[in-house]
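Remarks on the structure that follows.
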Amino acid sequence: VEEKKLDELVNSFFKNYIEGECKDCSFQNLCSACFVQMNDDYTINSTFCENQKKSIVSTLSELYSLLETQPEMVKLIDASLDERVVRMEL
């Protein structure tokens, strides 16, 4: 019975994420939505969604401001991303 409930939860999450309310969201690829933020009807919690959007905008704004004042930080960010990719490939 629990396995069936889990399958339903996973399928509903991906259906909402791929076809439903998240489908046309400009933040979709940056969002950390997961099963925990789902309502009982398997939709994403709207409060979480709005807070997530504000957080993403704030983070990107801070990053942009940092790069405006310290453009050399791009190299550090690139190196960090490259290192993560290498670890993922191992």
Side-chain angles (χ1 to χ4, degrees):
V1 176
E2 290 298 315
E3 188 174 327
K4 184 178 179 182
K5 182 74 171 167
L6 181 60
D7 284 344
E8 184 179 321
L9 180 66
V10 171
N11 291 332
S12 295
F13 175 78
F14 284 109
K15 185 173 179 76
N16 276 328
Y17 195 75
I18 295 168
E19 300 171 3
E21 59 195 305
C22 302
K23 181 180 113 181
D24 297 320
C25 179
S26 9
F27 296 92
Q28 184 187 40
N29 293 329
L30 300 172
C31 186
S32 65
C34 77
F35 309 110
V36 176
Q37 285 83 31
M38 291 181 76
N39 297 316
D40 291 338
D41 64 353
Y42 303 118
T43 58
I44 301 294
N45 180 295
S46 61
T47 301
F48 165 81
C49 187
E50 290 307 312
N51 289 337
Q52 186 71 10
K53 288 176 183 177
K54 288 176 187 173
S55 176
I56 291 169
V57 167
S58 175
T59 300
L60 290 175
S61 177
E62 289 174 24
L63 181 60
Y64 187 80
S65 294
L66 174 69
L67 293 175
E68 279 185 320
T69 59
Q70 300 177 38
E72 66 278 3
M73 294 296 287
V74 168
K75 292 178 184 175
L76 293 173
I77 293 168
D78 283 346
S80 174
L81 291 173
D82 287 344
E83 183 179 311
R84 289 181 188 170
V85 169
V86 168
R87 277 189 266 149
M88 287 173 52
E89 290 175 353
L90 299 175

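Scope of the values below: all heavy atoms of this structure, side chains included, with no hydrogens, waters or symmetry mates.
Judged purely by atom type and a 3.5 angstrom limit, Asn39 has no side-chain atom pairing as donor or acceptor with the backbone of Asp41.
Atom-to-atom distance recorded for Glu72:CD and Ile77:CD1 is 10.5 Å, nearest 0.5 angstrom. Atom CG in Asn51 sits 9.5 Å away from atom OG in Ser46 (nearest 0.5 Å). To the nearest 0.5 Å, the span separating OG on Ser65 from CD on Gln70 amounts to 11.0 Å.
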*asked:* Pair Ile56, Gln52 - check side chain to side chain contact (heavy atoms under 4.5 Å, CB included), show working.
replied: CA-CA 6 Å; Ile56 291 169; Gln52 186 71 10; 4.0 Å; yes

*Check step by step if side chain to side chain contact (heavy atoms under 4.5 Å, CB included) holds for Leu30 and Thr59.*
CA-CA 11 Å; Leu30 300 172; Thr59 300; over 6 Å; no

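Under a hydrophobic clustering in which Ile, Leu, Val, Met, Phe, Trp and Tyr are joined whenever their side-chain heavy atoms come within less than 4.5 Å, directly or via other members, Val57 and Tyr64 fall into different clusters. Residues Val10 and Ile44 share a single hydrophobic cluster, defined by chaining ILVMFWY side chains whose heavy atoms lie under 4.5 Å apart.
Ion pairing between a basic and an acidic side chain is recognised when a charged N comes within 4.0 Å of a carboxylate O; Lys23 and Glu19 show no such pairing.
Two residues are said to be in side-chain contact when any heavy atoms from C-beta on lie closer than 4.5 Å; Ser55 and Phe27 fail this criterion.
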